[in-house]
Structure formats: structure tokens, C-alpha cells
Protein chains: 2
Amino acid sequence: MQTTSSADNCKGVETLRLEFIEKIGLISKGGELTQIAGRVFGLLVWEGVPMAFGDIACQLKISRGSASSATRSLEDRRLIKRVAIHGERQDFFQLSDSPYSGMIERVAARMDAAQKDIFSTAAQMPDSHNETKARIEAYGRFYKSLSKALTGAIQDID
Amino acid sequence: MQTTSSADNCKGVETLRLEFIEKIGLISKGGELTQIAGRVFGLLVWEGVPMAFGDIACQLKISRGSASSATRSLEDRRLIKRVAIHGERQDFFQLSDSPYSGMIERVAARMDAAQKDIFSTAAQMPDSHNETKARIEAYGRFYKSLSKALTGAIQDID
DNA sequence: TACTTTGTTCAGTTTGGACTGAACAAAGTA
DNA sequence: TACTTTGTTCAGTCCAAACTGAACAAAGTA
């Protein structure tokens with residue numbers, strides 16, 4: 001039983017933990033990850049130490065199928081890593097050493113692909129359509145700027 | 001009727017136009033917009049001049065309902081603007097003068113909200129959880145870097 | 001006035017993707 | 001060998017969001 005206070009500025013740590021996990025789930029859903037993958041990531045950010053596959057599924061109340069695809073997805077993005085623990089049969093997962101750079105690289109790569117895709121149209125435009133070509137190129141430069149800005153941000157983090 | 005060539009490096013302009021519109025639809029679907037909104041935007045990038053509401057719906061073969069919500073969504077994001085044309089009853093739409101900055105601002109704002117949300121959890125952590133707090137703050141800094149990089153990119157474009 | 005042309009709204013349909021859970025294969029244990 | 005514990009796969013379910021189209025209100029026209 002935790003004490004209450006007039007404002008809600010002093011929650012129990014367990015409440016804080018659950019809120020954090022759900023928070024990250026929602027933030028992630030708006031981006032590149034599923035809500036479940038976000039919750040798994042939040043859990044591992046909070047814990048820091050390696051967690052067993054079964055514990056992850058159990059604590060988040062998700063099926064083992066979901067746990068499998070979520071951990072795999074996070075592993076692919078290098079946000080978490082799978083580790084073996086001496087004498088344990090279960091897979092363990094923990095936060096990567098530099099979790100965030102890969103995530104940005106991925107987004108930057110998508111911006112870059114869009115940019116190339118758009119410029120490939122521009123390159124095929126005949127001279128008779130100069131103005132249209134210019135507008136398309138301006139649009140392509142937009143994605144190029146994004147890609148560049150994101151790539152530049154990689155140095156700042158981890 | 002267009003001439004053919006051995007390679008496909010010389011498509012008809014109309015083919016190029018349709019391909020471009022679909023391309024932008026798909027790119028947009030992966031981001032903040034719906035596929036239809038992306039196609040409308042692609043069409044207006046290509047045309048440059050104001051287009052009638054009815055022509056947009058007709059050319060893209062979408063319902064007027066979809067045309068309405070797509071144009072409104074693009075208008076809200078300042079990617080296109082609604083213009084009146086002398087003696088015409090229909091609404092006309094054309095590319096904004098500076099279409100892209102608003103789009104980035106929007107994404108940057110979302111990163112900023114995430115960052116604040118995460119730091120608010122960190123701020124409530126008791127001293128007994130120093131390491132967890134540090135990991136959460138590192139995660140928050142990730143979103144802060146993104147927000148900063150995107151905001152910086154605004155100057156490069158338009 | 002009655003009729004037409006317009007953009008919006010909203011109820012219904014459709015679709016894609018997230019999630020579950022049972023079946024499975026691989027590997028450990030007894 | 002038979003049994004248990006593991007993570008993955010996949011068929012099925014579910015849900016949220018996109019899209020349609022009919023009904024609508026507003027405004028122009030005759």
C-alpha cells in the first residue's frame with residue numbers, strides 16, 4: 001500500500017513503471033513500431049538488465065507469438081539484443097549498447113529512397129515540361145534535406 | 001499513341017504523370033498522409049496551376065467525400081491552398097508557396113511531445129533508481145535530437 | 001419561388017495489419 | 001527412448017482507419 005499525496009506528484013515506482021511502458025507503447029505506435037514492440041522496448045529500457053523471453057510475455061500479458069515477433073522486430077532494428085545466459089535455456093533480451101542510431105538510419109534510408117524515386121521521375125521529364133520538372137525536383141530536395149538532417153543527428157546520440 | 005523504344009527510358013508524359021502520382025501516394029502512405037491525400041498532392045505538384053475540386057476527384061477516380069477529406073487534410077498541413085477563381089463556383093486548389101516547412105514542423109512537434117512525455121517520467125523517479133532514470137533520460141534525449149535536427153532542416157527547404 | 005451545383009458529413013463497407021493461440025520443430029532432460 | 005521446455009510459424013480473429021456514396025445544407029441561377 002502506497003501513501004497518497006494531495007497532488008499526484010509522488011506515485012509508487014511500480015505505477016510509474018507501468019505508466020512508462022504504456023507511454024512508450026503509444027509513442028512507438030505512432031512511429032515505426034507496433035504498440036507491443038514499443039511496450040517491450042519500454043520494459044527493457046526500464047529494466048536495463050537482460051530479461052527472459054517468458055518473463056517479457058508474462059509481464060506484458062501478451063502471447064508468446066506476439067513476444068516473438070516483437071523481440072525479432074526490435075532485434076532487427078538493433079534496438080535490443082538477444083543474449084545467452086549461462087545455464088539458462090530461455091533466450092534473454094536487453095537494451096543494445098547504442099540503440100538509437102540504427103533507428104534513425106532506417107528512417108533516413110527511407111527518406112533517401114523517396115528522394116531517389118522522385119528524382120528518377122524528374123530525370124525522365126522532357127524539356128517541354130521544365131516547370132513541372134522544377135517542382136518535382138524541389139519536392140525531391142525536401143526528402144533529401146530530411147535524410148541529411150537525420151543522418152547528421154546520428155552523431156548527437158548514443 | 002506514343003512511340004516505343006527498346007529500353008523503357010522514354011515513356012510518354014502521360015504515363016510518367018500517372019506513375020508519379022501513384023508513387024507519391026505510396027510514399028505518403030508510409031508517412032503522415034493517407035494514400036489518397038498523397039495522390040492529390042502529387043497531382044498538384046505536377047500541375048502547378050489551380051485545379052478544380054471536381055477535376056481532382058474525377059481524374060483520380062475517387063469519391064467527392066474522399067476528395068473533401070484529402071484536400072482538407074492537405075490544407076490543414078499547409079501543403080496546398082484553396083483559392084477562388086473569378087467567375088467559377090467550384091473550389092480550386094494549388095500547391096502552397098512553401099509547402100514543406102509546415103510538414104516538418106508537425107513531425108518535429110511530435111518528437112518534442114514524446115521527449116517531454118519521457119522526461120516527465122524521469123523527473124518523477126526517486127533517487128533509488130538512478131540507473132533506470134539515466135536510461136530513460138537517454139531515451140528522451142534521442143527524441144530531443146530528432147526534434148532539433150528536423151527543426152534545423154526547415155531552413156534548408158522551400 | 002423551384003432547381004442546380006457545390007463541398008461536407010456521416011453511416012456503412014472494406015481492408016490491412018496487429019494480435020492470439022494452437023500446432024510445430026528443435027533441443028534439453030530423465 | 002519418452003517427456004519437457006523452448007521460440008517460431010501460421011491460420012484465424014479482431015479492430016481501427018480508409019474509403020465510398022447517399023443525404024444534406026448552403027449558395028448560385030433562372
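All heavy atoms count here, side chains included; hydrogens, waters and symmetry mates do not. Each chain gets a letter, A, B and so on, in the order its sequence line appears, and its residues count up from 1.
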Exercise for the section: Please list, chain by chain and in numerical order, all residues satisfying side chain to side chain contact (heavy atoms under 4.5 Å, CB included) with B:K29, sequence neighbours excluded. Expected result: B:L26, B:Q35
Practice task
Compute whether any side-chain donor of one residue and acceptor of the other, for A:T132 and A:R135, lie under 3.5 angstrom apart.
Solution key: yes
Anything under 3.5 Å between a donor and an acceptor, one on a side chain of residues 50-64 of chain B, the other on a protein residue two or more places apart or in another chain? List them.
residue, atom, partner, partner atom, Å
B:Q59, OE1, B:R17, NH2, 2.7
B:S63, OG, B:S66, N, 3.1
B:S63, OG, B:S66, OG, 3.4

Identify each atom pair where a protein N or O and an N or O of nucleotides 9-19 of chain D are less than 3.5 Å apart, giving names and distance.
residue, atom, partner, partner atom, Å
D:dC19, OP2, B:T34, OG1, 3.4

Problem - Ion pair A:R110/A:E32, N-O distance below 4.0 Å - result: yes
Handout entry: By salt bridge (Lys or Arg N to Asp or Glu O under 4.0 Å) - contacts of B:D97 (at least two apart)
Key = B:K81
Practice task
Check whether any side-chain N or O of A:E88 sits under 3.5 Å from a backbone N or O of A:A84 as a donor-acceptor pair, and report yes or no.
Solution key: no
Fill in the blank from the handout: For DNA chain D, the expected dot-bracket line (Watson-Crick or G-U under 3.5 Å, [ ] crossing, | inter-strand) is ||||||||||||||||||||||||||||||
Practice task
Take atom NZ of A:K61 and atom P of C:dC19, then tell me their distance rounded to the nearest Å.
Solution key: 16 Å
Practice task
Working to the nearest 0.5 Å, report the span between CG of A:L146 and CG of B:D156.
Solution key: 9.5 Å
Practice task
Look at the side chain of A:S145 and the backbone N and O of A:R141, then say whether any donor-acceptor pair between them is shorter than 3.5 Å.
Solution key: yes
Exercise for the section: Grab the CG-C1' distance between B:D55 and C:dT5 for me, whole Å please. Expected result: 14 Å
Problem - d(CE, A:M51; C1', D:dG7) in whole Å - result: 16 Å
Problem - Close approaches to DNA chain D from residues 80-93 of chain A, in residue order (heavy atom, under 4.0 Å) - result: A:R82, A:R89, A:Q90, A:D91
Exercise for the section: Using a 4.5 Å cut-off on heavy atoms from C-beta on, say whether the side chain of A:V45 contacts that of A:F20. Expected result: yes
Practice task
Look at the rings of A:F142 and B:Y100 and say which category their plane angle falls in: under 30° parallel, 30 to 60° tilted, over 60° perpendicular.
Solution key: parallel
